[in-house]
Amino acid sequence: MVSRASLKIKIEKLKEEINKHNYLYHSQDEPEITDVQFDLLFRDLQQLEIDNPEFLTSDSPTQRIGASPLKSHTKIVHDLPMLSLDNAFSEEDLADFEARICGRLKTKNIICYSCEPKIDGVAISLIYEDGKLVRGATRGDGTTGEDVTQNVRAIEAIPLRLCGTEYPRRLEVRGEVYFPRSAFKAANQLAVRLGERTFANPRNAAAGSLRQLDARLTAQRKLSMFCYSVGLVEGGSLPGKHSEILFKLKTWGLRVNPLVEVRAGVKGCVDFFGKILTKRAALDYDIDGVVFKVDRLDLQSELGFLSRTPRWAIAHKFPPEQGVSIVKDVAFQVGRTGALTPVARIEPVKIGGVTISNVTLHNMEEIARLNLMIGDNVLVHRAGDVIPKIVSVIGKGRSSNMHKIELPSSCPACGSTIINNDVIAKCTRGYECPDQRKENIRHFSSRLAMDIEGLGEKIIDQLIQTSLVKSPADLYKVSREQFSELDRLGPKSAENLISALAISKKTTLSKFIYSLGIEEVGEYTSSILARYFGALDPLREATIENLLAIPDIGPVVANNIHEFFREKDNQLLIDDLMELGIHWEIEESSKKNEVLQGEVWVLTGSLLNVTRNDAKLRLQALGAKVSSSVSSKTDCIVAGDSAGSKLMKAQSLNIRVIHEDELLDLFSKYYE
Ligand code: IVH
């Protein structure tokens with residue numbers, strides 16, 4: 001018979017262990033156990049608490065979403081107002097900021113700043129008493145916010161209990177709750193599937209999710225948080241530098257942004273700004289700038305506040321990602337398959353440091369959707385490395401200077417007839433059309449295809465113009481001398497190109513199939529075909545029925561493949577390429593292929609040490625089918641960083657979950 005005392009100890013130990021793993025997972029990004037193991041611990045605790053309700057406490061990890069939905073959020077008044085930040089938009093603004101600081105402090109010494117990404121989320125205040133989370137509140141107007149305690153308790157990245165013991169008796173932590181981009185994407189995909197409204201952007205989604213009256217909805221949204229300062233602190237002391245306080249918060253289990261750095265002077269700050277700008281697109285959360293804070297708290301006190309902003313901090317905002325321009329013309333580009341894509345030539349506009357003068361309009365449907373005319377003023381949006389797009393036409397008025405955008409009646413590159421199926425218009429001349437030729441060569445030589453290093457667009461243009469190259473095979477027939485006669489291509493570059501071409505001849509069957517540019521046969525389908533047929537000849541001879549027998553190949557793709565290999569020109573091209581020495585190792589049905597044969601795998605969340613594409617191709621090479629959605633047929637799910645709804649679904653279906661390190665272990669057994 002277990003005594004009450006030892007039961008209590010057991011429950012406390014379990015809580016501690018669960019808290020530790022929560023901390024390792026959310027704050028350190030270094031989980032020591034799998035999700036399945038974590039769930040077992042969690043269920044053990046749940047059962048013990050059900051059997052012994054007298055030991056259930058409100059800070060138990062099982063109580064994150066214990067309470068019932070609220071009718072409304074109550075208002076709270078912040079002990080210390082939650083302030084705002086002054087903004088800088090240029091290096092001059094930053095120099096002024098520093099001059100003001102040095103002037104006020106009457107110093108010429110170099111000031112050190114805590115440099116931090118400015119998270120684009122929702123400001124939050126958390127109060128911990130004796131290490132226990134007792135209240136969460138939104139910023140509101142800075143003086144009065146809303147009590148969202150139940151909601152913040154539902155966010156797994158926020159500890160219910162602090163680690164260690166040396167925290168102040170009452171500690172107010174401030175920070176930003178955000179929606180990780182990957183979780184946001186997953187939430188929107190789920191909303192589409194369920195026919196629900198999607199969120200406009202991660203910030204709105206975070207704000208909406210945080211203020212849900214039913215905290216169970218908050219829990220489903222997989223929000224996260226970065227802490228960036230403290231508010232009122234009682235019953236304990238903190239270090240004398242902001243950066244040291246952040247470090248303390250981290251040791252207590254609170255999440256602090258890993259990119260925070262202390263830099264010296266405005267020069268250091270400008271450097272940090274540039275560094276973060278280059279990282280911005282790859283982050284799993286939105287940031288709209290960086291924040292610089294005088295690191296020493298004694299200097300902060302001396303500087304004080306100006307109205308509602310501290311004199312000791314400033315936000316250096318990123319350049320706007322939207323700009324206004326005028327559509328000067330619309331050209332139609334001919335793609336590899338002959339499809340005509342309308343491209344708006346706009347008055348050059350600088351957005352986020354990049355000058356944009358061309359914006360793709362995708363197809364005629366998009367033009368109709370925007371109700372776009374040549375001469376319109378438009379709002380252009382550019383986000384990270386995403387292709388810029390026209391968001392809307394500004395001002396509804398129309399004048400006689402504006403022209404309707406019409407689909408050309410013949411191919412702009414070769415003058416051939418256009419066929420039009422409403423959404424996609426196509427040139428019918430095929431390989432004889434110079435633009436299609438160019439695009440084909442570009443595709444053939446691209447990284448995922450034959451990977452011919454150094455064969456850029458300008459060189460391809462010249463090779464086509466001079467008729468040195470008419471088909472991909474011709475690339476291998478151009479001599480060193482002919483290359484070196486091209487514009488801006490000296491003997492050294494010509495030599496490099498010749499060797500890059502020679503290197504490219506050794507490839508893989510999958511890459512070769514991809515390089516052929518068969519309609520709708522991308523990298524994934526190419527890898528399936530390579531694995532299924534193992535050699536080129538059986539693929540060339542495959543009937544539509546043979547192709548349809550392959551999982552993941554539908555009638556349209558089967559038909560495209562079949563047709564491609566029936567075309568005389570294509571047959572000659574392949575023979576030509578083989579004769580020129582393109583080769584690959586025979587893909588035997590080696591042991592590798594059998595390891596995961598017949599299994600269905602799903603990748604979710606962000607992988608840090610392997611690209612998703614590589615992971616997918618490697619899993620396929622081991623015989624697995626990689627699917628994008630979780631179902632009862634899924635055998636295993638790889639949960640990367642910030643995995644969201646797919647992971648939850650997998651857990652509810654009791655599907656095996658592994659983390660990136662286990663995936664890498666698996667790969668290391670089969671790949672060098
Ligand atoms: S410090 C008195 N640090 O930006 C200083 N704010 O425009 C208070 N924000 O309301 C803020 N990341 O919600 C600070 N690393 C960071 C931040 C940050 C995002 C938000 C915060 C604040 C707003 C001010």
Side-chain angles (χ1 to χ4, degrees), residues 78-89 93-94 97 100-101 113-126 136-146 148 152 155 157-158 172-181 201-204 206-207 210-211 223-233 238 241-247 249-250 254-263 269 272-273 275-277 279-280 283-297 299-318 320:
H78 296 292
D79 292 324
L80 295 174
M82 291 182 77
L83 300 173
S84 188
L85 290 166
D86 192 10
N87 292 322
F89 294 98
D93 291 349
L94 282 184
F97 165 69
R100 284 195 300 270
I101 287 178
Y113 298 93
S114 171
C115 303
E116 309 167 10
K118 187 172 184 297
I119 316 297
D120 197 5
V122 187
I124 193 92
S125 143
L126 303 174
T138 59
R139 176 179 184 275
D141 62 6
T143 310
T144 309
E146 281 182 331
V148 286
V152 295
I155 301 174
I158 297 179
E172 182 189 355
V173 183
R174 292 178 174 180
E176 200 88 349
V177 164
Y178 66 92
F179 216 131
R181 283 179 178 163
N201 57 50
R203 179 163 35 84
N204 290 357
L210 187 65
R211 295 185 64 253
L223 300 174
S224 196
M225 178 186 182
F226 283 126
C227 300
Y228 53 63
S229 70
V230 291
L232 193 66
V233 177
L238 290 175
K241 286 188 181 159
H242 177 79
S243 54
E244 290 168 356
I245 295 179
L246 292 185
F247 183 74
L249 296 181
K250 216 156 111 178
L254 292 153
R255 290 190 83 230
V256 172
N257 191 288
L259 299 172
V260 175
E261 274 179 52
V262 175
R263 295 277 185 121
C269 293
F272 180 81
F273 178 81
K275 173 180 161 182
I276 299 297
L277 198 54
K279 288 188 176 281
R280 183 184 189 185
L283 299 176
D284 194 30
Y285 45 88
D286 281 357
I287 56 175
D288 56 349
V290 292
V291 183
F292 305 124
K293 302 170 184 168
V294 171
D295 198 29
R296 273 174 50 183
L297 299 193
L299 298 184
Q300 285 191 4
S301 304
E302 216 176 316
L303 288 162
F305 297 87
L306 183 85
S307 175
R308 297 185 64 78
T309 57
R311 284 202 188 84
W312 42 263
I314 199 154
H316 190 181
K317 297 297 253 329
F318 289 139

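One-based numbering, in listed order, for ligands and for the atoms of each.
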Worksheet, complete the sentence: The protein heavy atom nearest to atom 12 (N) of ligand 1 is Ile119 N, 3.1 Å
Worksheet item: Does a donor on one side chain sit under 3.5 Å from an acceptor on the other, for Ser224 and Arg255?
Response: yes
Worksheet item: Side chains of Asp86 and Thr309: do they bring a donor and an acceptor to under 3.5 Å?
Response: no
Discussion item. Counting only heavy atoms not in Phe89 (residues, nucleotides, ligands), do more than 12 fall under 6.0 Å from its CZ?
Written reply: yes
Worksheet entry | With sequence neighbours excluded, residues passing side chain to side chain contact (heavy atoms under 4.5 Å, CB included) with Asp120 | Arg203, Asp286, Asp288
Worksheet item: Between Glu146 and Gly140, is there a donor-acceptor pair closer than 3.5 Å when you use the side chain of the first and the backbone of the second?
Response: no
Worksheet, complete the sentence: Note: Pro117, heavy atoms under 4.0 Å from ligand 1, region reported as backbone
Worksheet item: Taking N or O atoms only and a 3.5 Å limit, does Tyr228 qualify as a polar contact for ligand 1?
Response: yes
Discussion item. Heavy-atom pairs closer than 4.0 Å: do any link ligand 1 to the side chain of Lys293, the backbone, both, or neither?
Written reply: side chain
Worksheet item: Side chain of His242, backbone of Val294: donor and acceptor closer than 3.5 Å?
Response: no
Worksheet item: Looking only at protein heavy atoms, which one is nearest to atom 23 (C) of ligand 1, and how far off is it?
Response: Lys118 NZ, 3.9 Å
Discussion item. List ligand 1 atoms under 4.0 Å from Glu176, heavy atoms only on the residue side.
Written reply: 9 (N), 13 (O), 19 (C), 20 (C), 21 (C)
Item to complete: Give the residue, atom name and distance (to 0.1 Å) of the protein heavy atom nearest atom 15 (N) of ligand 1.
Response: Glu116 OE1, 2.9 Å
Worksheet, complete the sentence: The protein heavy atom nearest to atom 8 (C) of ligand 1 is Leu83 O, 4.1 Å
Item to complete: Return yes or no for this condition: an N or O of Trp312 is under 3.5 Å from an N or O of ligand 1.
Response: no
Worksheet item: Should Leu210 and Ile155 count as side-chain neighbours, where that means a heavy-atom distance under 4.5 Å?
Response: yes
Response to the item:
Residues at least two apart in sequence or cross-chain that pass ring pair (Phe, Tyr, Trp, His ring centres under 6.0 Å) with Phe226, listed by chain then number, are Tyr178, Tyr285
Practice prompt. Pick whichever of Leu85, Val122, Leu80, Ile287 has a heavy atom sitting closest to atom 5 (C) of ligand 1.
Written response: Leu85
Item to complete: Check whether any N or O atom of Pro310, backbone or side chain, sits under 3.5 Å from an N or O atom of ligand 1, and answer yes or no.
Response: no
Worksheet item: Just which atoms of ligand 1 are under 4.0 Å from any heavy atom in Ala123?
Response: 13 (O)
